[in-house]
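The next block holds one structure in the form of structure tokens; read it before the comments.
Sequence lines set the chain letters: A, B, ... in the order given, protein chains first and strands last, and positions in each chain run from 1.
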Amino acid sequence: MYAKVIVDVPAKQTNRAFDYEVPSALRKWVEVGSRVGVPFGPRVLQGFVVELQENTQLDVKRIKPIQNVLDLVPPLTDELVMLGRWISHMYLCHEVTALQAMLPAALKAKYERAIGVGEEFGEQSLLDMPDLQAIVAYVKSKGSVPMDALMERFAADGALIKQLLGAGILTEVQVVKDRMSTKKALTVFPPADGSGLEQALSELPARANKQQEVLRYLMEHPHAIRLTELMETVEVGASTVKSLADRGWIELREVEVMRDPYAGRAFARTKPLPLTEEQSRVFAEIRAAVAEERHEVFLLHGVTGSGKTEVYLQSIQQCLDMGKEAIVLVPEISLTPQMVERFKGRFGDLVAVLHSRLSNGERYDEWRKITRKQVKVVIGARSAIFAPFTQIGLIIIDEEHESSYKQEESPKYHTRDVAVKRASMQGSVVVLGSATPSLESLERTRRRQDRAEPPYRLLTMKERVASRPMPPVAIIDMREELKSGNRSMFSTALYKAIEDRLHKKEQIVLLLNRRGYATFVMCRTCGYVSTCPHCDISLTYHQSSRMLRCHYCGYAEREVTECPSCQSKHIRHFGTGTQRVEEELGKIFPGIRVIRMDVDTTTEKGSHEKWLTMFREKQADVLLGTQMVAKGLDFPDVTLVGVIAADTVLNIPDFRSAERTFQLLTQVAGRAGRHEKQGEVFVQTYTPEHYSVQYASQHDFIAFANHELDVRANLGYPPYQRLILVTFSHEQVPLLVRFAEAFVTRLKEIALEYSTKQIDLFADAVSRDNSFQMDVLGPVASPISRIKDRYRFQCVVKYRGEDQAAEIVGRTVAWFEERSSKEKLLISVDVDPQYLM
DNA sequence: AGCACGCCGACT
DNA sequence: GTCGGCGTGCTC
């Protein structure tokens, strides 16, 4: 039997399957999806089995055998292996990179050097010496032994070992191991029927008090118990228990344990809540599709507070009733303890939770609950879409518009598209939920049936549960404030509202989508601006550390008090960041309690939850933060939401900035008045007339979407045309420009090869049919033209119709890498980019 | 990615 | 005359 194996070398030349023999001893362990150790050139590598074949004529001189199998149960399924291939084609990455992305970090290969028995073994007269024989026999019995372990065991024979290595009787070998081992704990096992313990008790000397206590405890509780737990409850030392084990009365051995991050936490069981009329209507649709096992994608547009989660929960229940599994995806930031609680509360131990705050070991153990079929529901961020389930009935993506569903490192996949692909492979239902759906998804609900990519079905929930009204949104024109002499960052209206809430002891959420203190620092005499020496970007001033920081590469320097260019002392901080707002609040409202949440205050593990808990317990009046305060939070006493500057997002030069502004304003407005108390929202802006601000204040997503879709159609942007962003970087500009231009020229040539009568290249008309059109913009300097001392150029491939585009770009990259491999030029390809940066 | 094989400068 | 530079090519 032979296996096709993808080896763990993410390089162009090794991006294909290699053939290996499956030794008969390993036959029943090697399956498609197995992780194996294989000899590759002079070393041993980890690889993934992607195909098995009985017999084939292979045109390779020597087929090597698979060395070992790394898991009892293959960590990947056939389906995930296929999905990996699809991802590698779709998003242009090496196949092994796609497969690796599906596994927890704990399963990343670790290569260890060890000593094994060499091929020279047997014919050597040296072996007559008993000492040598002992060493060789030992190594042989173990297969391979780490060098230090061997030296320790045969400490006196260091010279001999060296000699054996020199003669080739022993050789250095490489062993593939897991990065993370399973956690083991010493566990005490009393005899099965409890018999013999009484006997043992009588045999113990009278003064062996502690041992007697242990025996009595075990007679009362005749089941296995962790040694540490036993030591704690009976208050004895380990030696006491060990001596009982030595006499054979009890058994003491290592048992694999799960690291359960939610161990010891009881989740109150909840029952399905009664559904509103709207909820029932939506639920009926989803339930029917799940019950009929019909692959279908629903876009659930439900306003904030319309009770989407309850619909999810009941749909999952339908899935479980049928013996099938469900995956729930949420943005990392909204995977809060409250969210976990709702799912654990409804489905108890059937839920595995995967998020980035878990340690590698914890995540690995949660993941193994899936492979062991101990759970039926997975709730997690992005990568949970790869949960190795085989009977998926339902995949839910909450807040489907979130850009964090797009992975920014290779493989640069979009979770939504991977989910739809996976669901089509398994025949499962997908529910995309959002109060502000992405325009890509909305557009697909409006497509005609006959397209190659079938349409999604739109489900709508317009009412908030308990008929709570949407909070009124006031738009405040900051230009008017300036005219009337108010130069502070708070408008009069917002100032009064904050004062009022402080007085009433109600809570406030303030949003400013910019961290740090000031966005840039400028000399008022000569106009000098502090910029990063490694990146083409201005430095941000951080008040707490009195440092100027680069938000791209992390470079930091001391605050300047004197202009480095003209020595003037007139240094001024421009632009407002969260730190400055915090300081200002303290000045205007003495005694105000502010919690600031941004990446600077939430890097520590658990800090995110800590701040939210403090706010919930009303230990603060204001929750001030970047977009992380806009998502999914639900606090009953929040009656005021203030957006300090809506323009920060709007002014970013990106075709999605209007959409992002609308989403952000809608999400943050949804934080107010979710309970009995009526809420109020203030949006400060210098562009109050902009349609994204206007429609957000009217809570009118559909009107906004129609407007924005028109804009996109006219400009030829997604969802009507799709994009591939290709970025080049190099330390020298002239070479970079030359290469980027050569790339674009070649790309156009290759694209023309694909030109047939239904493929219409470089047509600029936006017609609504399905023909393939493609255009290349650039190359131009990237918006951030230098990062970490590397200059950046980019080109944007625009296309529509069926996508050979990724293939065309892929072929161009391959052609290009053959010619530029010796230069340190980096090319990065991003299919369906979220940001054109 | 590693690592070997393979052709041209400064040293015992 | 050799030791060693890293350019090119292969790994089942």
Side-chain angles (χ1 to χ4, degrees), chain A residues 1-27 29-70 74 76 81 84-85 88 92-101 103 105 107-116 118-119 144 147 165 168 171-179 409-412 729-732 735 739 810 813-829:
Chain A
M1 189 154 72
Y2 299 94
K4 291 200 174 292
V5 175
I6 303 280
V7 295
D8 184 27
V9 181
K12 189 166 79 68
Q13 290 175 306
T14 49
N15 189 30
R16 63 190 175 91
F18 287 82
D19 297 299
Y20 285 90
E21 186 201 322
V22 182
S24 53
L26 296 181
R27 274 195 186 198
W29 300 107
V30 176
E31 295 172 54
V32 170
S34 289
R35 219 161 41 107
V36 291
V38 288
F40 193 72
R43 58 215 168 116
V44 178
L45 291 179
Q46 186 193 86
F48 295 93
V49 176
V50 293
E51 205 182 314
L52 285 172
Q53 39 202 199
E54 245 351 287
N55 54 338
T56 32
Q57 53 281 37
L58 298 162
D59 50 348
V60 190
K61 296 140 258 149
R62 193 163 92 93
I63 300 263
K64 292 183 182 174
I66 288 175
Q67 188 184 278
N68 58 337
V69 181
L70 296 167
L76 296 173
V81 167
R85 175 155 307 165
S88 71
L92 298 175
C93 69
H94 302 121
E95 207 166 330
V96 70
T97 311
L99 295 175
Q100 206 80 66
L103 300 178
L107 293 185
K108 232 177 160 302
K110 190 176 104 181
Y111 300 104
E112 207 172 68
R113 289 185 180 276
I115 304 300
E119 290 181 6
S144 67
M147 187 63 189
L165 280 168
T171 54
E172 203 176 17
V173 295
Q174 225 177 12
V175 187
V176 187
K177 281 198 154 180
D178 281 355
R179 188 151 297 231
E409 306 91 61
S410 183
K412 300 185 176 183
S729 73
H730 195 275
E731 290 181 4
Q732 290 159 35
L735 186 139
F739 273 123
V813 171
W815 172 88
F816 201 72
E817 278 176 344
E818 273 168 32
R819 261 140 277 254
S820 67
S821 57
K822 52 187 172 291
E823 310 292 342
K824 281 175 259 150
L825 185 86
L826 291 181
I827 306 181
S828 136
V829 180

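The distance from atom CG of L45(A) to atom P of dT11(C) is 14 Å, rounded to the nearest whole Å. As a whole-Å value, the separation of Q13(A) CD from dC3(B) C1' is 13 Å. Regarding K108(A), its NZ atom lies at a distance of 12 Å from the C1' atom of dA1(B), rounded to whole Å. Across the protein-nucleic acid pair, I6(A) atom CD1 and dC12(C) atom P stand 15 Å apart, rounded to whole Å. With rounding to whole Å, R62(A) atom CZ is found 10 Å from dC12(C) atom C1'. I66(A) places its CD1 atom 11 Å from the C1' atom of dC12(C), with the value rounded to the nearest Å. Regarding M1(A), its CE atom lies at a distance of 20 Å from the P atom of dC12(C), rounded to whole Å. Here dC10(C) presents its P atom at 15 Å from NZ of K64(A), a figure rounded to the nearest Å.
Between dA1(B), dC3(B), dC12(C), one nucleotide has an atom nearer to the side chain of V9(A) than all others, and that is dA1(B). Which of dC3(B), dA1(B), dC12(C) sits closest to the side chain of F18(A) comes down to dC12(C). Of the listed nucleotides (dC10(C), dG2(B), dC12(C)), dC12(C) has the atom at the smallest distance from the side chain of R16(A).
Taking 4.5 Å as the limit, every side-chain heavy atom of F40(A) sits out of range of all side-chain heavy atoms of V5(A).
The distance from atom NZ of K108(A) to atom CZ of R35(A), rounded to the nearest 0.5 Å, is 11.5 Å. For the atom pair OG1 of T14(A) and CD of E95(A), the computed distance is 11.0 Å after rounding to the nearest 0.5 Å.
F40(A) comes within 4.0 angstrom of a nucleotide base, judged by non-hydrogen atoms across all strands. Residue E21(A) is out of contact with every strand shown, counting any heavy-atom pair closer than 4.0 Å.
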Check against side-chain contact (heavy atoms from CB on, under 4.5 Å), Q53(A) and M1(A): CA-CA 6 Å; Q53(A) 39 202 199; M1(A) 189 154 72; over 6 Å; no
